[in-house]
Engineer: 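Pasting a structure here, questions to come.
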Amino acid sequence: VSMAVGSKELAKRGVLVTRLSAAEDAATMDVLCVDKTGTITMNQLAVIGVIPLAQTTEADVLFAGALASQESNQDPIDLAFLAAAKERHIFDNLPKVAPVSFVPFDAKTRRTEAVVEQNGKRLRLMKGAVRTIAEACGLQPLAIEALEARVSESALKGYRTLAVAHGPEKGTPALVGLVTLYDPPRPDAKQLIATLHDLGVSVKMLTGDALAVASEIARGVGLPNIRRVADLKTAGSQAGNEAVDLLAGADGFAEVFPDDKYIVVQHLQAAGHVTGMTGDGVNDAPALRQAEVGIAVSTATDVAKGAASVVLTESGLTNIVTLVEQGRTIYQRILTWIINKIS
């Protein structure tokens, strides 16, 4: 009865409990793993810089980048490119372009790719991680390193840089430029992380971003020590205790693939932690099911919501603080009742 009453109270505050015991688990949770995008940041990527390469212009770069994007995906990066192209009227005076095919972003390929037809000719356009696109364009290792050195300066400011390329449908594409994107931290993120810390819940940020970008964003919200998830895997394949120690000292992990989240949860549980995990995609479902408190964020897919024990109706960390506080209230209520009856 106490669980049901507490769950009803949580529902009023934007936290839907799908497994009744989840509120009690939230009371004892001591580690919370959160996605950077949409939880710590605003999930509102914007193009803040365009660097044309070779004989191209900013308009050429945005034209190619926008064509390698699709609005129906609702992918924040795609939407940022399309918004920048629209804002600068890139397509206004150009011949009509007909889409032929589109391959959305995949964590394994690290790029999006499109084929379009313009004036009877077929063009292949792509955008994605700088190294991935540079290799697809056939650049030499030294040239790729020089590009990455330019990118690292932006990464130190928390900016994310993507490369854009275009070329004929068959054959090697040419690199046309680099585009810098920024997703600002939520204004309340730092305070809410501090609140969770005061409640005895340590927050660990997980992101697919490069280490430099992740570190800068995390530092701004009070999470100074970010590591690569590859370090955790290396330590895990050696001594078990070393992996536990690595997790204890880290405030989060960068360069995380969706299936790595499950590994992080397993390591934390092996170290004796009651673990919470936020997620939104189909790939997050195993980690959400494995964690004691699987939290599907407001934008999550139905599969993620089905695997989670808690579903949030608003973005950010506010409702997670509510979940912990309300969970402890329920826990205390039951404890008081039991002690009272035994007495």
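Keep in mind that what you see is a predicted model, and the values were worked out from it rather than measured.
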Engineer: Give me the atom names and distance for the closest heavy-atom approach of Val164 to Phe81.
Structural biologist: CG2-CE2, 4.0 Å
Engineer: Is there a donor-acceptor contact under 3.5 Å from the side chain of Ser215 to the main chain of Ala212?
Structural biologist: no
Engineer: Can you establish whether the number of heavy atoms outside Arg150 located under 6.0 Å from its atom CZ is more than 12?
Structural biologist: no
Engineer: Are any of the side-chain nitrogens in Lys108 or Asp106 under 4.0 Å away from the carboxylate oxygens of its partner?
Structural biologist: no
Engineer: Within a reach of under 6.0 Å around CG of Asp302, are more than 12 heavy atoms found that belong to other residues, nucleotides or ligands?
Structural biologist: no
Engineer: Which of these, Leu206, Val293, Leu32, sits in a side chain to side chain contact (heavy atoms under 4.5 Å, CB included) with Met277?
Structural biologist: Leu206
Engineer: Look up atom NE2 in His273 and atom NE2 in His267, then write down how far apart they are to the nearest 0.5 Å.
Structural biologist: 12.0 Å
Engineer: Apply the test side-chain contact (heavy atoms from CB on, under 4.5 Å) to residues Asp209 and Ile217: give CA-CA distance (whole Å), side-chain angles for both, the deciding distance (0.1 Å), then the verdict.
Structural biologist: CA-CA 10 Å; Asp209 287 353; Ile217 294 286; 5.8 Å; no
Engineer: With Arg328, which residues qualify under salt bridge (charged side-chain N to carboxylate O under 4.0 Å, His left out), at least two apart?
Structural biologist: none
Engineer: So for atom OH, which belongs to Tyr159, do other residues, nucleotides or ligands contribute more than 12 heavy atoms lying within a distance under 6.0 Å?
Structural biologist: yes
Engineer: Give a yes or no on this: more than 12 heavy atoms of other residues, nucleotides or ligands lie within 6.0 Å of atom CD of Glu117.
Structural biologist: yes
Engineer: Is it true that a side-chain atom of Thr109 and a backbone atom of Phe105 form a donor plus acceptor pair closer than 3.5 Å?
Structural biologist: no
Engineer: Within the side chain of Lys127, is there an N or O that forms a donor-acceptor pair under 3.5 Å with the backbone of Ala68?
Structural biologist: yes
Engineer: Please name the pair of heavy atoms, one in Leu82 and one in Ala66, separated by the smallest distance, quoted to 0.1 Å.
Structural biologist: CD2-O, 3.6 Å
Engineer: May I ask you to check whether Asp60 and Thr57 show a side-chain donor-acceptor distance below 3.5 Å?
Structural biologist: yes
Engineer: Working note: Ile193 + Ile40, criterion side-chain contact (heavy atoms from CB on, under 4.5 Å); need CA distance, chi angles, decisive distance, verdict.
Structural biologist: CA-CA 9 Å; Ile193 287 169; Ile40 287 175; 4.3 Å; yes
Engineer: Could you check whether atom CD of Gln191 has more than 12 heavy atoms from other residues, nucleotides or ligands sitting under 6.0 Å from it?
Structural biologist: no
Engineer: Output the distance between atom CD (Glu9) and atom CD (Gln326), rounded to the nearest 0.5 Å.
Structural biologist: 5.0 Å
Engineer: Ignoring hydrogens and angles, tell me if any N or O in the side chain of Thr18 forms a donor-acceptor pair with the backbone of Ser309 under 3.5 Å.
Structural biologist: yes
Engineer: Report yes or no: do Leu211 and Ile263 belong to one cluster of Ile/Leu/Val/Met/Phe/Trp/Tyr joined by side chain heavy-atom distances under 4.5 Å?
Structural biologist: no
Engineer: Do the side chains of Asp35 and Asp284 get nearer than 4.5 Å, heavy atoms only?
Structural biologist: yes
Engineer: Measure the spacing between CG of Asp280 and OG1 of Thr39 and express it to the nearest 0.5 Å.
Structural biologist: 8.0 Å
Engineer: Report whether Leu162 and Leu67 are members of the same hydrophobic cluster (ILVMFWY, side-chain heavy atoms less than 4.5 Å apart, transitive linking).
Structural biologist: yes
Engineer: When hydrophobic residues are tied together by side-chain contacts of less than 4.5 Å, even through go-betweens, does Leu268 share a cluster with Leu232?
Structural biologist: yes
Engineer: Ignoring hydrogens, what is the shortest heavy-atom contact between Met126 and Ala136? Give both atom names and the distance.
Structural biologist: SD-CB, 4.0 Å
Engineer: From Leu125 CG over to Phe63 CZ, what is the distance, rounded to the nearest 0.5 angstrom?
Structural biologist: 7.0 Å
Engineer: Do you know the tightest heavy-atom contact between Ala291 and Thr275?
Structural biologist: CB-O, 3.6 Å
Engineer: Do any N or O atoms from the side chain of Asn340 and from the backbone of Thr336 form a donor-acceptor pair under 3.5 angstrom?
Structural biologist: no
Engineer: Report the distance from atom CD1 of Ile320 to atom CG of Leu196, rounding to the nearest 0.5 Å.
Structural biologist: 7.0 Å
Engineer: Heavy-atom distance under 4.5 Å between the side chains of Glu58 and Pro52, does that happen here?
Structural biologist: yes
Engineer: Counting distance only, does the side-chain N/O of Thr56 pair as donor-acceptor with the main-chain N or O of Val176 below 3.5 Å?
Structural biologist: yes
Engineer: Might you point out which heavy atoms bring Lys261 and Thr278 nearest each other, and give the distance in Å?
Structural biologist: NZ-O, 4.3 Å
Engineer: Could you state whether Leu10 and Met29 fall into the same hydrophobic cluster, counting links through intermediate Ile, Leu, Val, Met, Phe, Trp or Tyr residues with side-chain heavy atoms under 4.5 angstrom apart?
Structural biologist: yes
Engineer: Looking only at heavy atoms, which two atoms of Ala22 and Val17 are closest? And how far apart?
Structural biologist: CB-CG1, 4.2 Å
Engineer: Does Arg131 offer a backbone N or O that forms a donor-acceptor pair with the side chain of Arg110 under 3.5 Å?
Structural biologist: no
Engineer: I'd like to check the side-chain hydrogen bond (donor to acceptor under 3.5 Å, both in side chains) partners of Gln266; sequence neighbours left out, ordered by chain and number.
Structural biologist: Tyr262
Engineer: Do Val34 and Val264 belong to the same hydrophobic cluster, where Ile, Leu, Val, Met, Phe, Trp and Tyr are linked whenever their side-chain heavy atoms lie under 4.5 Å apart, directly or via other members?
Structural biologist: no
Engineer: Look at the side chain of Asn319 and the backbone N and O of Leu312, then say whether any donor-acceptor pair between them is shorter than 3.5 Å.
Structural biologist: no
Engineer: Does any part of the side chain of Val116, heavy atoms only, come nearer than 4.5 Å to the side chain of Arg122, both counted from C-beta?
Structural biologist: no
Engineer: Under 3.5 Å, side chain of Asp30 to main-chain N/O of Val201, donor-acceptor pair present?
Structural biologist: no
Engineer: For the CZ atom on Arg289, are there more than 12 heavy atoms of other groups (residues, nucleotides or ligands in this structure) within a distance under 6.0 Å?
Structural biologist: no
Engineer: Give the intermediate values and the outcome of side-chain contact (heavy atoms from CB on, under 4.5 Å) for residues Leu175 and Leu147.
Structural biologist: CA-CA 11 Å; Leu175 192 66; Leu147 264 182; 3.4 Å; yes
Engineer: So, the side chain of Lys36 versus the backbone of Thr41: is there a donor-acceptor pair under 3.5 Å, distance only?
Structural biologist: no
Engineer: Between Asp183 and Met42, does a side-chain contact (heavy atoms from CB on, under 4.5 Å) hold up when you go through it step by step?
Structural biologist: CA-CA 6 Å; Asp183 183 10; Met42 299 287 283; 4.0 Å; yes
Engineer: I need the single residue from Ile51, Thr161, Ile48 that forms a side chain to side chain contact (heavy atoms under 4.5 Å, CB included) with Ser154. Which is it?
Structural biologist: Thr161
Engineer: In Å, rounded to the nearest 0.5 Å, how long is the span from CG of Leu79 to CD of Gln70?
Structural biologist: 11.0 Å
Engineer: Carefully, step by step, assess Glu216 and Lys157 under the rule salt bridge (Lys or Arg N to Asp or Glu O under 4.0 Å).
Structural biologist: CA-CA 6 Å; Glu216 184 56 32; Lys157 297 174 187 171; over 6 Å; no
